[in-house]
Amino acid sequence: MAGPGRQWWRDAVIYQVYPRSWADSDGDGIGDLPGITERLPHLAGLGVDAVWLSPFYTSPQRDGGYDVADYRDVDPLFGDLAAFDALVARAHGLGLRVIVDIVPNHSSDAHPWFRAALASPPGSPERARYLFRDGSDEGRLPPNNWTSMFGGPAWTRVTEPDGTPGQWYLHMFDTSQPDFDWTNPEVRDELEDVLRFWLDRGVDGFRIDVAHGLVKFEDLPDTDLTLDANVDATALAPMWDQPGVHEIYRSWRRLADSYAVEGEDADRILCAEAWVLPAQALAQYVRADELHQSFNFEYLMTPWLPDEQRASITRSLAQAGAVGAPQTWVLSNHDVVRHATRLGYPQHPGLQRIAGIGADDPQPDPVLGLRRARAATAVMLALPGSAYLFQGEELGLPEATRLPDESRQDPTWERSGHTQRGRDGCRVPMPWEGDAPSYGFGPGERSWLPQPAEFGALAVDRQRDDPGSTLSLYRALLAVRRTHRLGLGHLTWLDGHPEDVLAFEVTSEDASVTVLANLGTDPLTLPDSADVLLTSAFPGTAGHVGPDETVWLRS
Ligand code: GLC
């Protein structure tokens with residue numbers, strides 16, 4: 001696969017592991033690094049190119065580890081640095097690259113820097129690493145009207161070392177996640193040093209958390225925007241997508257490039273988590289001297305409707321192409337409702353994201369959801385570019401929509417005054433063995449979020465040898481995609497098909513594959529000559545493409 005000049009990330013399929021929930025080696029009910037290492041053969045067998053690990057760093061775990069107290073160590077919950085090194089060695093031995101998460105927008109309030117800031121007076125260099133400001137109305141009210149992504153104000157007032165009510169600090173997320181001040185060179189140097197620390201340990205790249213948030217508009221003005229989750233992040237918001245972020249990423253790119261080895265397919269990559277619209281603004285993050293990739297959330301949010309899908313795919317390819325970057329594709333991650341559930345609303349496949357779904361909310365149709373999820377994945381994995389998968393989607397796992405409220409851990413639930421269920425429903429631990437306690441997640445019964453009963457039938461061991469299973473479908477899609485290098489191909493829309501059929505051809509150096517996705521209600525009959533490579537349908541539906549099914553044909 002490797003070879004001089006090849007840039008592995010251009011067509012890579014990258015599998016996201018949420019370490020708390022993938023595999024638990026010690027039975028404490030929380031996944032860990034040795035558990036991941038043991039289960040890596042699952043990923044090699046699936047046929048992905050890389051694994052991305054959500055944070056496993058030292059953390060009070062107020063936001064699932066996206067609240068980092070020590071950027072250079074492993075939280076004892078997950079293991080230690082030796083366990084991390086063993087994971088990387090095993091992954092590389094299996095031909096899998098390893099991407100880790102970097103959280104540069106904010107630290108945990110347990111980080112030594114924030115502790116020092118609290119212990120130091122206003123105006124001190126310790127405070128200058130974060131965004132401390134005096135309040136308005138003689139200090140009584142927050143400095144501006146910004147709201148936290150998890151609900152409530154984005155500011156918290158501190159008690160000064162002398163016991164008096166004092167300044168306020170900015171936290172775009174939980175109160176335990178103070179935002180850094182990126183105008184401070186000390187912050188820039190520190191985070192670059194963290195990148196070097198992990199690059200020196202052999203990681204192949206980083207997923208950059210809240211990449212669009214690091215720089216805030218000068219003087220932090222009030223905003224008219226209501227923050228409906230991340231979706232509203234646009235160029236108009238003073239806390240998102242400010243021009244200053246690009247200079248940071250140019251510097252990061254130089255750093256990553258300094259680790260590349262001439263003549264080897266060994267690029268270290270950077271991928272932005274940036275909820276930025278429109279696609280044209282997002283494409284600025286992946287200009288040639290900036291980041292390699294950026295998640296295509298616009299695609300994730302596109303309803304399962306033919307015109308919208310066509311427009312989103314066309315726009316995505318054009319915008320990334322305009323700056324010479326590969327497009328990325330993603331349908332699920334640890335922050336959104338799983339696509340097997342999101343797509344299960346008959347009328348209008350919903351856009352629910354971090355709001356989550358609770359037992360009292362309208363429930364999706366699970367059969368429809370899974371059928372559409374398989375069809376949507378079969379579209380996604382044919383598209384030119386790089387694709388991201390979220391753990392468990394290869395099993396067709398649904399969102400856990402009936403979690404008992406007392407089990408919820410996402411800070412969104414508390415901070416929204418129990419109006420938004422949050423993201424726990426997509427983070428429920430993986431089922432590996434249908435008959436084992438905790439479905440094989442760990443050696444015992446414990447699992448930090450309760451697993452729904454339907455996870456048993458979806459466990460890896462129940463699907464492995466079933467040719468009609470979702471796991472088998474993913475393996476087949478990934479195998480054909482890799483064999484024919486579809487990710488490096490070129491997409492052409494095909495005429496002559498009904499309006500509600502997405503019909504396109506992907507041509508690579510090795511082959512041409514025709515993709516037909518039926519988003520309508522009538523079956524589409526295939527000609528006798530059709531050479532079907534694979535179908536998202538459950539077995540027994542040959543000869544036509546049913547509603548909410550996708551086929552790949554040899555062109
Ligand atoms: C990103 C992460 C999310 C986290 C937030 C704050 O959006 O994906 O899980 O809560 O940043 O770090």
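Remember, it's 1-based here, ligands and their atoms both numbered in the order they're listed.
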(request) State plainly whether the residues R201 and D85 are in salt-bridge range, i.e. N to O under 4.0 Å. (result)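 Looking at D85 together with R201, the answer is yes, because their closest N to O distance falls below 4.0 Å.
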(request) Look at D63 together with R423 and state whether they make a salt bridge at an N to O cut-off of under 4.0 Å. (result) yes
(request) Indicate, with yes or no, if the rings of Y130 and H106 have centres closer together than 6.0 Å. (result) no
(message) For Y439 together with F441, are the ring centres under 6.0 Å from each other?
(response) no
(message) Please check whether H106 reaches ligand 1 - meaning an N/O of the residue sits under 3.5 Å from an N/O of the ligand, judged on distance alone.
(response) yes
Close approach of [X] to ligand 1, heavy atoms, under 4.0 angstrom:
X    : value
F150 : yes
M149 : no
H171 : no

Taking non-hydrogen atoms only, is [X] closer than 4.0 angstrom to ligand 1 via side chain, backbone, both or neither?
X    : value
R427 : side chain
F295 : neither
M172 : neither

(request) Answer yes or no: is there a side-chain heavy-atom contact under 4.5 Å between M380 and L331? (result) yes
(message) As an exercise, identify every atom of ligand 1 less than 4.0 angstrom from a heavy atom of R423.
(response)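 Ligand 1 atoms under the 4.0 Å threshold to R423: 3 (C), 4 (C), 9 (O), 10 (O).
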(request) Evaluate ring pair (Phe, Tyr, Trp, His ring centres under 6.0 Å) for Y71 paired with F197, printing each intermediate quantity in order. (result) CA-CA 9 Å; Y71 286 84; F197 178 87; over 10 Å; no
